[in-house]
Every structure is written in C-alpha cells, then in structure tokens.
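Here is how names work: the chains are called A, B, and so on, in the same order as the sequence lines, proteins then strands, and each is numbered from 1.
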Number of protein chains: 2
Amino acid sequence: MNKNQPLPWDHPRFRSWVAVARACQLMQQSLTRALVHLDIKPPHLDILVNLFRFEGISQQELARKLLVGRSNMSMLLPQMENRGLIERRGDKQDKRVLRLYLTEEGRRVTEEAMTIQTALIDWTLSDTPIEECEAIAVHMERVVGLLIQEERQPLEPAGDQ
Amino acid sequence: MNKNQPLPWDHPRFRSWVAVARACQLMQQSLTRALVHLDIKPPHLDILVNLFRFEGISQQELARKLLVGRSNMSMLLPQMENRGLIERRGDKQDKRVLRLYLTEEGRRVTEEAMTIQTALIDWTLSDTPIEECEAIAVHMERVVGLLIQEERQPLEPAGDQ
DNA sequence: TGATTTTTGTTCATCGTTGTACTTTATTGT
DNA sequence: ACAATAAAGTACAACGATGAACAAAAATCA
C-alpha cells in the first residue's frame, strides 16, 4: 500500500526495456509495410532467412530457432510451399521428418527481402556506432540465453522482494 | 544476382537487431508465464501501467501510446471493465470520448504485476551496467522516433543502394 | 445556421499464434 | 520380437491484432 517505493518508470533498466519493446513493435510494422510488394510478412522472412543459412533443416529445428510452436510451422510452411518459395522433402532415414529447401524463386525473394530489411535496420541504427551495436548484441544475446534456460526450468516464484 | 555482397548476418547492426528481436519475443513469453496467476497478459499490463501513470486518458490516446489500433482497445477495455480492473466514464464536454480510470482492484493488480515485471527485467539485465542500459534506452528511443515519423510519412522506395 | 469534414469509438471479417489432442514413425526396455 | 514411450508433424478451436466500414458527436467553414 506504501507508494514511496520507486516507480518502475524511474528505473533505468525498466525504461530501457520499454524503449526496446516499442522499437521492436515499430520495426515489425515498418518491415511489414516494406515487404508488402513481395507478398511476404516478417514471419515468412524469418523462415526464409533461416532456410537460406541452414538448408535442409527440419520443421522442428526451424521452430526451435524461431522460438515458435511446431504447429505454427505446420500452418505457414504449406502456404509457402504452395507459393513456390520452399520445398518440403521427406527424410529418407526418418520418415517422420520433413526437410526444408528454398526453391530458386524462394532464394531470389529471400535475397531481395534481406536487402530491404538490412536497409531498414541500417537506417534506424545509422546514428548508433558499430561498437555500440556490438555491445547491444552482446547484452541481448545474454538476455536470450537467460530466458531460454528459464523457459525450460521455470524460476522459483519466491523471487519477489 | 552476385553473391559476394556481405551476407546480412555478418553485419553488426543486423546481428544486434536479430538479438534484440529474439530477446523481446522471449521476454514477452516469460512475462506471460509470470503473470498467469494474476489472470492478465502483457497487453493488459501495458494498459494498466499507462492508466496508472495517466489516469483519465481517453481510449484514443491510450491506443496511440501503445502503438496499436483503436479497435484493439475497443476489444480489450470492455473485458477489463467486466473484470473490475478499470472503469470507463464518458467525458462531460465531449460526448464522443470515454475516459479511463483504474479501480481499487485494478490499482492493486497493477502494482503487483509491475513488481513482477520489474523483477524479471532486473534479472535479465543484471549483468548489464546501468550506464549501458541508459545508452540502450537512448538508442532505442531514437529508433522509435525515426520509425514513428516514417510511419506517417512513408519512406521513398528508392532508398536502397 | 446549415453542410461538410474530422474525430471517437464500435463492429466485423480476416489473419497469425498458441496449446491441445491426435496420427504416424522411432526408440527404448524387457 | 513386443510393448511402452518419445518424437515429428497435423488439425482444430481459442484468442489477440488488424483494417475497413460504420454511427455518433464535434469542429470547420461557407
């Protein structure tokens, strides 16, 4: 009931996180608009980029990399297969898994979309020096690591003070 | 068509942005789990926090602060009113606008949820010095500013180089 | 004043994401 | 070899977010 605890928005870490979240939200919206003429959306681009880097990956592995559920992949990938962007071929040794490959069209679209995305990121971070970007990457990757391990081993609820 | 352009994931700004996006995604998921016993989700908390700071705000203003559409508020706010967290009262001078207020229950839930969120943020950024957090806040707030102005005045499409 | 335009909020159809239940195929244990 | 368990992918219902079309209430302007 006492209000003289410092309010969260005066807290530097809280403030910085709010800014990060808002930036992500807006970046997603801007990227959506920037990709509209390619007829793909950010989730599709995430998939394409990962297939570009890791050709032959399975749906499960892809879902893990993207931090989404497997059912999500089961919805998106058939769409993208119908659009001729990707191809799904069954693994010979394990008949459960479907391995994913880019088509020529998919590779072309991916390159164009990555160019657009890179330009957008470069523009928004043009006043942020490279060393600062690298520092941000280090800190954010540590956050990712912590949250991933917390995900599989939920934190004890007595963390409040 | 030429492949000897540097691939995006070797680009420091690109790498740092990927990390930021993943961190946001995971933070959202962790926060969702951390709030489950309060029966609210991150979007509700965003609303509550803004009402805590800016009592008597209108739905329109709230939507603008949260960077979502007005229709989104029209879906969420009646739910929260039914749960007894907020109250909507018509403005006397402008009969179009509904002004939003926290109930006692809403204020209580907000304080508890903010405590949880702050603890989560503190934990994930505990190895990131305060000065670095402040630097991140500065850079991300600039990104937000750029993207907001780009939103209403879409960038000329000849920006690629 | 009276007509046009803006603004605020709602409704609705659509889409993406999630979690659960389910099928099929591998793996493990006896 | 056979049964039980685990893993990969799918189907489906539920929910949140969006944008477009709409109604009501200002504001603008002639």
Task: salt bridge (Lys or Arg N to Asp or Glu O under 4.0 Å) contacts touching residues 39-54 of chain B (sequence neighbours left out) - done: Arg22(A)-Asp46(B)

TODO: Apply side-chain hydrogen bond (donor to acceptor under 3.5 Å, both in side chains) to Ser30(B) and list each qualifying residue two or more places apart in sequence or on a separate chain.
DONE: Glu150(A), Arg33(B)

Task: Residues in side-chain hydrogen bond (donor to acceptor under 3.5 Å, both in side chains) contact with Arg96(B), at least two apart in sequence or another chain - done: Asp94(B)

Open item on the list: Glu104(A): which residues meet the salt bridge (charged side-chain N to carboxylate O under 4.0 Å, His left out) condition with it, sequence neighbours left out?
Closed with: Arg107(A)

Open item on the list: Test of understanding: with side-chain hydrogen bond (donor to acceptor under 3.5 Å, both in side chains), list the residues that count as partners of Glu141(A), not counting sequence neighbours.
Closed with: Arg15(B)

TODO: Say whether, by atom type as modelled, one donor and one acceptor occur between the side chain of Gln117(A) and the main chain of Leu31(A) under 3.5 angstrom.
DONE: no

Open item on the list: I need the full list of side-chain hydrogen bond (donor to acceptor under 3.5 Å, both in side chains) pairs touching residues 63-84 of chain B, with sequence neighbours left out, sorted by first then second residue.
Closed with: Glu81(B)-Arg88(B)

TODO: Taking only heavy atoms on the protein side, list every residue of residues 22-30 of chain A lying under 4.0 Å from any atom of DNA chain C, sorted numerically.
DONE: none

Task: Whole angstrom value for the distance that separates C1' of dA11(D) from CG of Leu77(A) - done: 15 Å

- [ ] Determine to 10° how strongly the helix from dT1(C)-dA30(D) to dT30(C)-dA1(D) is bent, judged from the axes of its five-pair ends.
- [x] 20°

Task: Contacting residues from residues 89-97 of chain B, given that a heavy atom lies under 4.0 angstrom of DNA chain C - done: Arg96(B), Val97(B)

TODO: Only counting residues at least two apart or in another chain, list the ones meeting salt bridge (charged side-chain N to carboxylate O under 4.0 Å, His left out) with Asp127(A).
DONE: none

Task: Partners meeting side-chain hydrogen bond (donor to acceptor under 3.5 Å, both in side chains) with Glu61(B) (sequence neighbours left out) - done: Ser58(B)

Task: Nearest-Å distance for atom pair CG/C1', residues Leu76(A) and dA11(D) - done: 15 Å

Task: For Gln28(B), all residues meeting side-chain contact (heavy atoms from CB on, under 4.5 Å), sequence neighbours excluded - done: Pro42(B)

